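Comments concern the structure below.
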Amino acid sequence: MIQIEKRLREEAKRLLETKEAAVVLAFGRGFDEEHPMPLILRKPSDAEKIVFNEYCTFNMARHLTEFPPGTKIAVAVKAADSRAVTVLIQEGKVKREDLIILGIPVAGMKDFRSGTAIDATTTGPAVNPVLYDILLADLLPEPKDVSPYDVLAEIEAMSPDDRWGFWSAEFSRCIRCYACRKACPLCYCETCFVDQAKPRWSEKSPSASSNMMFHLTRFYHLAGRCIDCGSCSRACPMDIPLYLFHKKVSKECEEMFDQAAGMCVDAKPVMVDFKVEDSDDILL
Amino acid sequence: MSRIGVFVCHCGLNIARTVRVDEVVEFARKLPGVVLAEDYKFVCSTPGQELIQESIEKHRLDRVIVAACSPLMHEKTFRKVIEKSGLNQYMLTIVNIREQCSWVIEDEDKATEKAKAMVNGAVYRARLLAPLAARFIDVNHDALVVGAGITGIQAALELANAGRKVYLVEKGSTIGGHMAQFDKTFPTLDCSACILTPKMDAVLQHPNIELLTYSEVSEVQGFVGNFNVKVRQKARYVDHEKCNGCMACMEKCPGKASSEFDELLSTRKAIYIPFPQAVPQKPIIDRESCTYFLKGKCRLCEKICQQGAIDYEQQDSEISLQVGAIILATGYDLMNTEALKQFGYGSYPGVYHALEIERLFNSTGPTDGKAVMRDGREPASIAILHCIGSRDKNYNEYCSRVCCMYALKFAHLFKEKTSADVYQLYIDMRCFGKNYEEFYHRLLEEDVKFIRGKAARVTDRALSPEEEGKLIVEVEDTLSNKFMRLPVDMVVLAPAMQARRGVEDLSRIFNVSLDKNRFFIERHPKLDPLATHTDGVFIAGACQGPKDIPDCVAQAIGAAAEAITIIGKDKLELEAATAFVNQQICCGCQNCVQVCPYDAPGYLADKGASEINEALCKGCGLCAASCPTGAITARHFANDQFMAELEGLMQY
Amino acid sequence: MITKIGREKLQEFVAGLMKSGRLFAPVKEGKGTNFKLITDPQSVTLDFYNTIQSPKAVLFPQSEDLVNYNISHDGIASEPAPIDDGSRIILGVRPCDVQSFEIMDRLFNGSGIVDPYWSARRSNLTIIAYAFDRADPVDFYNAFGITGSDEQGSDILMVRDTNSFLFKAFTDKGTKLLETMPFLEKGTADDEKRMTEIVDKGRDIATRTLDTAEIHKRLAGIFDSPYWEEAAAACLNCGVCTYVCPTCHCFDIQDETLFGEGSRRKIWDSCMFSDFTLHASGHNPRTKKSQRLRQRINHKFSYYVENFGIISCVGCGRCTRSCPVNIDILTVVEEAR
Amino acid sequence: MENPYIPMPVTVDKIFIEVDTKEIKTFRLAFVNKTDEERFNYRPGQFAELSIYGKGESPIGIASSPTDKGYVEFTVQKAGIVTSELHDLEEGAQIGLRGPLGNSWPLEFLEGKNIVIVGGGFAFTTLRSLANFMLNDEQRSRFGKIVMIYGARTPGLLCYKPELKAWEDRSDMETFVTVDKGDNNWKGREGFVPTVCKQVAPSSENAVAVICGPPVMIRFTLPVFFELGFSKENILTSLEMKMKCGFGKCGRCNVGHKYVCKDGPVFSLAELENLSREY
Amino acid sequence: MSFDPKILGIACNWCTYTGADLAGTTRLHYPHNVRVARVMCSSRINPAFIFRAFVLGADGVLVGGCHPGDCHYSTGNLYARRRLAVTKKILEFAGLEPERFRVAWISASEGNIFAETVREFTEQVRNLGPQTKLAAQKRMLA
């Protein structure tokens with residue numbers, strides 16, 4: 001990781017010096033070592049502020065949409081983050097040619113809040129970025145026989161009533177701070193449906209049904225787009241395991257539409273696409 | 001708060017029998033925003049309409065709800081009614097308490113309860129309705145007619161005579177369709193060619209008709225008043241601009257093939273016109289049977305043609321047309337009788353289908369009009385089998401409508417041309433048209449034998465000496481309840497009229513739905529039989545369902561009149577219920593751009609938001625449901641309106 | 001006078017408190033702890049550092065009905081929702097959080113028009129403070145002169161000893177409450193000593209700190225500085241910091257109706273949300289996240305000081321702990337020069 | 001204890017359509033309860049929350065003068081959900097009213113001074129309140145000269161037409177009504193408000209200017225008044241801001257250490273200068 | 001009295017709504033439980049409508065559209081198929097019985113199928129009993 005930090009500093013410095021990039025999205029020091037922060041660099045001299053350690057879990061694709069179109073941006077991405085960049089390119093939110101993607105193959109990240117390891121149970125198991133221009137370390141062997149969806153087995157096996165019990169207990173804690181959607185690299189809507197008054201899709205006050213309405217609709221909006229980075233769940237102050245639901249929707253989308261989100265810039269997200277031969281069985 | 005008027009229709013007893021109308025009125029009267037609720041026997045009647053108009057004025061209504069029949073029935077009627085009173089027509093909501101309620105629910109309590117819930121939904125929705133501005137577009141005054149059988153020909157002539165430019169597209173190399181194959185027509189026994197060929201000629205000569213034979217429509221874009229049509233003209237290998245129709249090529253051509261026009265009972269050349277009176281009177285080369293195309297040498301026709309019209313290199317070409325209205329007259333196919341093994345068509349030479357008989361009788365046909373069989377014999381006994389594939393749950397449940405009559409015609413002609421015994425094996429004689437019953441009675445006099453029973457099987461397996469060498473038709477005579485074996489020389493099948501093969505493509509291209517029998521669906525079976533759900537596209541003739549020539553012609557004229565009501569105008573009012581983008585909340589995800597089948601939304605990079613071209617928008621709402629922020633409003637089906645309706649529907 | 005109960009008898013104590021009013025106490029929730037209305041004494045835990053959310057919701061719930069109404073054909077019938085102002089006890093409030101009630105009082109209870117909801121509940125509130133026995137690295141309550149075992153503002157101070165909890169009442173209300181529970185042991189001289197020891201130890205807990213002198217003027221001086229862009233660069237503009245904060249008090253008023261029946265509600269809102277200041281016309285005076293972060297910091301450390309003479313922050317560290325991108329309010333204020 | 005969140009019931013006594021687009025209407029409200037009417041003691045420049053349950057509340061400046069007895073008037077432009085619903089109301093409807101809220105035009109400060117009232121378009125409502133108050137027989141002597149300059153984009157968009165007429169006819173004030181662009185029937189003045197101010201050139205001697213209008217009008221009018229010698233302390237305006245509670249609790253209209261709802265909406269330019277530009 | 005479910009139907013204008021009309025004109029009897037809201041195309045249906053319907057207390061939701069390939073707007077129902085499939089998976093994973101949500105392709109000529117679908121679905125929902133999971137609590141109703 002020290003090596004990655006070094007490479008990241010070098011590349012950031014170079015890209016800003018040569019003006020190949022106007023902005024570099026990387027990681028910086030927070031109030032201590034174990035609490036880094038997203039770092040948005042514009043000056044080559046600031047490259048020294050870059051840090052990289054196992055707590056740099058931020059998906060920097062989240063900040064890509066904050067800049068005016070045409071800004072040349074270098075963005076440091078880990079495995080899942082690169083898929084978010086891919087989706088943003090697919091959806092025309094950023095242009096491929098405006099990006100310099102600094103790929104970080106890395107394993108063994110940790111949640112800075114709980115200190116626990118981040119693994120395939122809370123995010124995708126992949127360790128290498130799918131899309132990059134510059135690789136900051138050698139590609140790692142991808143873990144074998146690990147499915148991002150193994151963790152779902154227990155909940156899938158529940159009866160509907162038990163599953164309802166599980167989720168309503170989880171969502172009952174939701175305080176509607178919207179950290180989940182704000183941490184999500186793909187929830188880039190300036191005005192979220194839930195904040196609208198006409199119509200009022202969901203009540204603003206938290207309640208079992210209004211919380212459910214918000215989250216289910218948000219899961220739908222991320223269907224076929226969520227790249228399983230786990231940012232939403234890590235951002236949630238109330239520890240709601242949103243990643244489980246996102247994983248389930250992704251799994252279903254992959255099974256039904258034979259395409260995983262954010263793997264290829266030329267693909268269309270599955271929910272704005274169709275195949276004539278899609279089976280009616282998916283509705284059963 | 002809005003000022004809603006609710007009008008509940010009894011529809012005579014149609015609604016009032018199961019829905020307690022007074023109770024619904026009482027319920028509606030108490031809903032927030034409703035200032036008036038009334039019932040009336042027939043709200044759609046003139047006094048009913050006047051009641052609405054008077055109430056709008058008297059009670060200063062700003063929204064009107066009519067609880068009556070389906071909106072597909074009278075929405076337009078009532079929109080006009082309220083518009084006359086100065087309300088925007090989109091301030092109307094129809095509640096379908098007939099088709100959705102009184103006609104399908106037996107229990108009075110349940111029906112009334114449902115009617116109330118539906119009215120409540122409408123009130124919730126109505127409160128949020130907004131007036132929509134009418135949109136007008138310029139109309140292209142030309143028309144397209146697809147299919148040049150008798151229906152298409154008639155429609156094209158009507159339009160052309162009304163001064164409209166008509167493009168008449170025909171798949172085959174000649175116009176005329178099935179009617180050109182017929183010998184005589186029932187019940188008058190006119191010679192089919194004698195009445196058809198003048199019309200064919202008129203088409204050819206008409207300055208307003210552009211005839212496109214050997215062509216098919218491949219794509220239709222646009223909308224009522226402004227269709228953009230692509231037509232693919234197949235390669236004929238004969239340049240019709242140069243060809244003078246001398247037919248010298250045909251004489252010398254060594255290539256031969258079975259004549260489709262004669263139902264394969266005769267042969268034609270590889271360069272050919274289908275029949276002597278074909279229009280246009282210019283040949284085409286059939287690649288499949290042409291020696292040059294098959295073997296690479298010959299080119300006899302090229303040598304003979306003094307016009308230099310032969311062009312072996314000719315390619316399919318594409319023509320683009322702009323029209324304001326379209327009439328589909330694509331006709332029917334005769335059911336393939338080979339599939340019905342029990343009747344022996346294809347196995348026994350003595351079994352014929354109806355179109356083969358037409359050609360046999362015709363003086364230009366394969367037998368020069370002699371009623372002889374494939375072996376040259378004149379049949380001594382003939383059985384005509386009705387309802388082959390029609391009125392049969394295994395094949396087509398419907399009645400093909402023309403078979404009884406042409407079967408009678410065949411019997412008459414057989415009697416005229418031979419001395420054979422003629423048997424009619426029928427389920428019911430359906431002779432509903434003008435002078436049809438009389439024709440039937442005439443045939444009864446002509447010593448034709450009628451057996452009331454559907455033939456079960458045709459076999460050559462003789463059970464008795466007198467059956468040897470004969471075809472035996474097995475039938476149960478339902479009048480005598482006797483099982484019969486009827487030995488005959490010749491069997492004539494009257495197969496079902498079916499929807500065209502490939503009609504699914506037409507359905508897609510023209511955006512016209514098919515019914516379960518694959519015939520085109522009309523907008524309303526009684527009151528709008530020629531329109532389709534796609535504005536500006538009309539249907540006429542047998543593509544809508546089996547019918548005889550007079551009906552086809554009548555529909556052709558009707559469809560032409562309908563088309564003229566569109567293309568006769570300079571401007572057309574379009575559906576105002578289109579979608580628009582609130583760019584302030586658009587997140588620029590471009591989902592709408594991705595999904596729209598009409599390319600109506602576009603992305604404005606400088607604004608980071610989408611915009612919808614409302615001229616292209618058809619109002620389906622696909623984009624609105626794709627929009628994560630709710631920035632797209634599908635007018636008249638807006639998110640808030642629809643969600644309110646749900647709330648209303650679910651309240652009680 | 002000191003009273004005491006064995007740690008194993010915590011439930012008995014909780015049950016005793018429940019008899020005197022509605023009890024709010026820490027309950028395990030998810031991976032953390034939060035104040036909840038207690039219905040089952042077993043659910044209470046006192047093994048926690050601090051709760052995820054502050055105790056403000058006890059007096060200022062996230063959503064509160066102001067008026068109930070019914071829309072009918074004949075018009076809209078309405079009646080004020082009854083103010084739920086019964087006696088409340090809150091157990092286990094950390095000393096820094098106790099101060100937050102005082103800060104909020106100045107806004108809701110002591111200036112201009114009084115907020116009847118806060119006010120009614122506040123006067124019926126009994127606070128049992130709970131001394132810290134260690135410090136989390138992000139806390140900075142020392143900056144406001146608060147120590148880990150301050151009794152100020154509380155009715156009872158509770159400390160944890162090896163095998164027991166010790167209580168000392170500081171108000172009549174507190175004394176009376178303890179008296180309702182005869183099963184509490186009377187503290188011995190030893191216990192008195194222990195209590196003093198523990199309180200002293202708590203007083204010595206060192207958190208981070210901040211020079212608060214003239215802070216409001218300092219912030220006012222850098223209002224237009226590009227610093228705010230830098231400070232807010234990582235900010236996601238979620239509302240976590242404001243929703244966990246014990247002194248953030250912004251709210252929205254919304255009518256929520258279903259099937260014609262509804263309530264006008266006071267619902268927490270956050271100055272970090274972009275629609276917080278969005279006018280109906282579409283105009284938004286604070287479009288940038290730097291403006292919104294600046295507003296939050298200024299409101300706490302500058303405007304509140306000018307209006308109410310106190311910094312609207314108790315240094316509980318919640319916003320820092322819960323921030324998805326580790327924005328540390330103390331660092332932001334410190335570096336704002 | 002008075003619950004400041006609960007509106008008092010009022011009935012819509014009369015509705016005046018102010019402009020030809022019908023987008024601006026004045027609602028004359030009458031109190032259902034006598035006690036409420038007595039309690040609703042307001043000064044020109046204050047506002048109130050108009051409330052319709054199910055839709056919400058909207059803060060609206062009071063357009064009538066405290067000297068008008070028995071009713072209170074609000075001029076409302078159709079914009080959001082609440083104001084659209086208000087526009088759909090009929091006379092006789094019952095709604096809610098919460099207030100009076102905010103500070104007011106500083107009557108004590110204005111006393112004895114010459115007053116220049118400058119208004120543009122729809123943002124004239126609390127100026128009308130002030131004008132009618134000052135012109136009241138009992139009040140008129142408290143104030144010096146009154147000059148009024150009021151403009152709108154078109155003649156059809158001028159509010160309070162009958163009153164404009166009456167003011168023009170009064171001898172104890174000078175009234176200048178102008179439109180950006182007239183129509184065939186318009187016989188009056190044409191020209192933008194700042195231009196007219198320049199032409200009228202009211203003296204700054206012992207004078208206070210009270211200005212409300214669209215931002216662009218204010219931007220071009222202020223330099224005129226500076227040139228005429230008005231100090232920032234003597235130019236007053238009223239801010240618009242998103243508000244909810246209306247009495248400084250909900251935090252929404254907080255600008256600097258001020259709450260526009262409680263400390264405003266009326267500010268002098270001098271005060272605004274000390275306030276961050278977050279409005 | 002046995003449980004009488006409240007079911008929301010959403011039908012596309014061109015096929016299913018017309019098919020339902022046909023069921024009416026041919027006087028096919030079916031249960032009263034389904035209340036139909038009309039949309040122009042099944043692709044108009046935002047999955048949030050379905051969630052909302054359950055919040056509003058629907059015991060079941062039945063969506064009807066043109067058969068794939070027959071969409072009046074050519075491809076609308078092909079998008080709808082994907083959306084509604086995902087909607088169903090989401091509801092199911094949340095713990096709502098998937099049998100409470102059904103999508104049926106019913107053409108304008110299939111009045112009998114419309115009637116049959118309503119019959120079947122109503123029975124199915126009846127057997128599941130009232131939907132109380134997503135339904136807004138009465139507390140909402142003040």
Side-chain angles (χ1 to χ4, degrees), chain A residues 23 25 27-32 34-42 46 55 57-58 60 62-63 66 112-114 116 169-170 172-173 175-184 187 190-192 195-197 200 202-207 209-210 231-241, chain C residues 29-32 34 52-53 57 61-65 137-138 208 229-230 232-244 252 254-258 262-263 265-270 272-275 278 280 287-289 317-332:
Chain A
V23 182
L25 306 184
F27 315 94
R29 195 176 189 282
F31 56 86
D32 66 19
E34 291 167 6
H35 293 82
M37 280 171 79
L39 182 63
I40 293 161
L41 296 150
R42 293 175 190 271
D46 284 348
Y55 297 105
T57 53
F58 313 108
M60 292 308 293
R62 156 64 177 79
H63 295 273
E66 292 178 356
F112 54 74
R113 203 178 283 158
S114 64
T116 52
E170 294 293 342
S172 71
R173 293 205 300 281
I175 55 169
R176 303 283 278 277
C177 67
Y178 303 123
C180 46
R181 78 167 191 225
K182 284 298 186 179
C184 175
C187 262
E190 191 60 44
T191 312
C192 180
D195 290 332
Q196 278 170 42
R200 178 70 65 229
S202 156
E203 286 73 26
K204 261 198 152 181
S205 56
S207 72
S209 60
S210 75
S231 294
C232 50
S233 313
R234 287 194 298 276
C236 178
M238 306 304 283
D239 296 309
I240 301 170
Chain C
E29 210 185 28
K31 289 178 195 152
N34 267 317
I52 300 173
Q53 287 187 278
Q62 183 161 7
S63 162
E64 165 144 43
D65 294 356
V138 301
R208 301 190 294 170
E229 294 274 350
E230 196 188 311
C235 178
L236 305 175
N237 264 202
C238 66
V240 173
C241 47
T242 54
Y243 282 10
V244 297
D252 193 3
Q254 287 284 336
D255 288 7
E256 297 186 336
T257 317
L258 190 66
S263 303
R265 298 197 164 108
K266 200 172 147 189
I267 306 166
W268 288 0
D269 206 343
S270 169
M272 302 306 283
F273 295 153
S274 61
D275 59 354
L278 181 69
T287 50
K288 294 203 284 190
K289 60 183 184 180
R318 282 190 179 84
C319 52
T320 300
R321 267 196 296 276
S322 284
C323 179
V325 291
N326 292 322
I327 294 177
D328 174 37
I329 191 168
L330 182 70
T331 313
V332 173

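Residue numbers start from 1 in every chain, and the chains themselves are labelled A, B, ... in the order their sequence lines are given, proteins ahead of strands. Just so it is clear, the model here is predicted, and its values are computed rather than measured.
- Among all heavy-atom pairs drawn from A:Lys182 and C:Leu236, the shortest one is CD-O, 3.2 Å.
- The nearest pair of heavy atoms linking C:Cys238 to A:Ala179 is CB-CA, 3.4 Å.
- If you take OG on C:Ser63 and CD1 on A:Ile175, they are separated by 13.5 Å, rounding to the nearest 0.5 Å.
- The shortest distance between side-chain heavy atoms of C:Asn34 and A:Met238 falls below 4.5 Å.
- When all heavy atoms are compared, the tightest approach of C:Val240 to A:Cys177 is CG2-SG, 3.4 Å.
- Side-chain contact between A:Lys204 and C:Arg265: absent, with no pair of heavy atoms (C-beta onward) separated by less than 4.5 Å.
- Of the residues considered (A:Met60, A:Arg42, A:Arg176), A:Arg176 shows the highest number of contacts with chain C, using heavy-atom pairs under 4.5 Å.
- Two residues are said to be in side-chain contact when any heavy atoms from C-beta on lie closer than 4.5 Å; A:Ser205 and C:Gln254 fail this criterion.
- Taken from CG in A:Asp46 to CD in C:Glu230, the straight-line distance is 7.5 Å, to the nearest 0.5 Å.
- Nearest heavy-atom pair, A:Phe58 versus C:Val325, reported as atom, atom and distance to 0.1 Å: CE2-CA, 3.6 Å.
- In this structure, the separation between CD on A:Glu66 and CG on C:Asn237 is 8.5 Å, given to the nearest 0.5 Å.
- Of the atoms belonging to C:Cys241, not a single heavy atom falls under 4.5 Å from chain A.
- A:Met37 and C:Ala234 get closest at one heavy-atom pair: CE-CB, 4.0 Å.
- Around the CD atom of C:Gln62, the shell of radius 6.0 Å holds more than 12 heavy atoms that belong to other residues, nucleotides or ligands.
- C:Arg318 does not touch chain A: none of its heavy atoms, backbone or side chain, sits under 4.5 Å away.
- To the nearest 0.5 Å, atom CZ of residue A:Arg113 and atom NZ of residue C:Lys31 are 9.0 Å apart.
- Here the shortest heavy-atom pairing between A:His63 and C:Cys235 reads CE1-O, 4.4 Å.
- Proximity to chain A is absent for every atom of C:Lys266, based on heavy atoms less than 4.5 angstrom apart.
- For C:Thr331, the part lying near chain A is the side chain, with the backbone staying farther off; criterion is any non-hydrogen pair under 4.5 Å.
- With a threshold of 4.5 angstrom between heavy atoms, C:Leu278 does not approach chain A through any atom at all.
- From C:Asp275, atom CG reaches atom CD of A:Glu190 across 9.5 Å, with rounding to the nearest 0.5 Å.
- When heavy atoms are compared at a cutoff of 4.5 Å, A:Pro241 does not approach chain C at all.
- Only the side chain of C:Gln53 has a heavy atom closer than 4.5 Å to any heavy atom of chain A.
- The distance from atom CZ of A:Phe31 to atom CG of C:Leu330, rounded to the nearest 0.5 Å, is 10.5 Å.
- The contact between C:Glu29 and chain A is made by backbone and side chain atoms together, counting heavy-atom distances below 4.5 Å.
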